[in-house]
Amino acid sequence: MSPEKELKKVTTNTIQKMKLAGEKISMITAYDFSFATLFDAAGIDIILVGDSASNVMAGHATTLPITLDQMIYHAQSVVRARERSLIVVDIPFGYYQSNSEIALASAIKIMKESGGHTVKLEGGEEVIDSVKKIVSAGIPVMGHLGLTPQSINKFGTYVVRATDEIEANKLRKDALLLQEAGCFAIVLEKIPAELAKEVSESLTIPTIGIGAGGDCDGQVLVMHDMLGINTEFKPRFLRRYLNLDEQITVAIKQYIKDVKSRDFPNESESY
Ligand code: KIV
């Protein structure tokens, strides 16, 4: 690879500079080589190998069941596609909450076996020791506050978080703690836009919003939601850029028809 191309690779420093320059950061999830190749080539800044793989790839109701090895498998596939984007890999539920030694071991395993560039974990004060330990091992960490899906059994619902002052104050405090602990960025999920704006302005590190309004330093969406593959999920914050469900259904129905009617394959499609 030419040094010129090398320079264009997105790193955590690039992300920091984008915040300083007021340039918005684009982030999307991906879980496999083919989609990650398209997203990287299209110029996305960050690809998140999210534990939402548990929902959209494996069909689970929550993100809780996915294992560390399954996350590493998805991350390896995404990393093989990478030319330019920064790759962030979620540490799944159960692999960092118990103590900071386990958190560090999980982060190291992800970095060693997947080749991803950074890890992401959910929570504030409760995970600060883990964040510090991982960062001190030279592994960049992205935080995640607001609606943290790994805690769905505590919340009981996927409604907007931090709408009352107690939770909003905790989020303000947690964001500062994560920044002080060395996080290079923080995802803010499903919180009031005003609060996200205030937190984004108070931090020197970038915030990446999902359902957190337009004043975060960047935005993230789950690929299956924004491409219209998953049509059941219709939160207010979601903008759908394609209706792939319809297009795929039309194509598959036509294929079935062509096979049944012996139209496919024709002579020019045969050897
Ligand atoms: O796992 C995921 O897809 C995420 C995003 C919703 C930010 O954490």
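Counting convention: from 1, in listed order, for ligands and their atoms alike.
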K.L.:
For ligand 1, list every N/O pair with the protein closer than 3.5 Å, one pair per line with the distance.
P.N.:
unit_1, atom_1, unit_2, atom_2, d
ligand 1, 1 (O), Asp51, N, 3.2
ligand 1, 1 (O), Asp51, OD1, 3.0
ligand 1, 1 (O), Ser52, N, 3.1
ligand 1, 1 (O), Ser52, OG, 3.2
ligand 1, 1 (O), Asp90, OD2, 3.1
ligand 1, 3 (O), Ser52, OG, 2.5
ligand 1, 8 (O), Lys120, NZ, 2.9

K.L.:
Do Ser34 and Thr37 have a side chain donor and acceptor closer than 3.5 Å?
P.N.:
no

K.L.:
Excluding sequence neighbours, so at least two apart, what forms side-chain hydrogen bond (donor to acceptor under 3.5 Å, both in side chains) with Asp217?
P.N.:
Lys19, Thr207

K.L.:
Would you list the pairs meeting side chain to side chain donor-acceptor pair (under 3.5 Å) in which at least one residue belongs to residues 245-256, sequence neighbours left out?
P.N.:
Gln254-Asp258

K.L.:
Which word best sums up how the rings of Phe35 and His224 line up, parallel for under 30°, tilted for 30 to 60°, or perpendicular for over 60°?
P.N.:
tilted

K.L.:
Can you sort out the partners of Ser268 under side-chain hydrogen bond (donor to acceptor under 3.5 Å, both in side chains), two or more places apart, ordered by chain and number?
P.N.:
Asn266

K.L.:
Check each of Leu188, Val187, Ile25 against Cys216 using the side-chain contact (heavy atoms from CB on, under 4.5 Å) test, and report the only one that passes.
P.N.:
Leu188

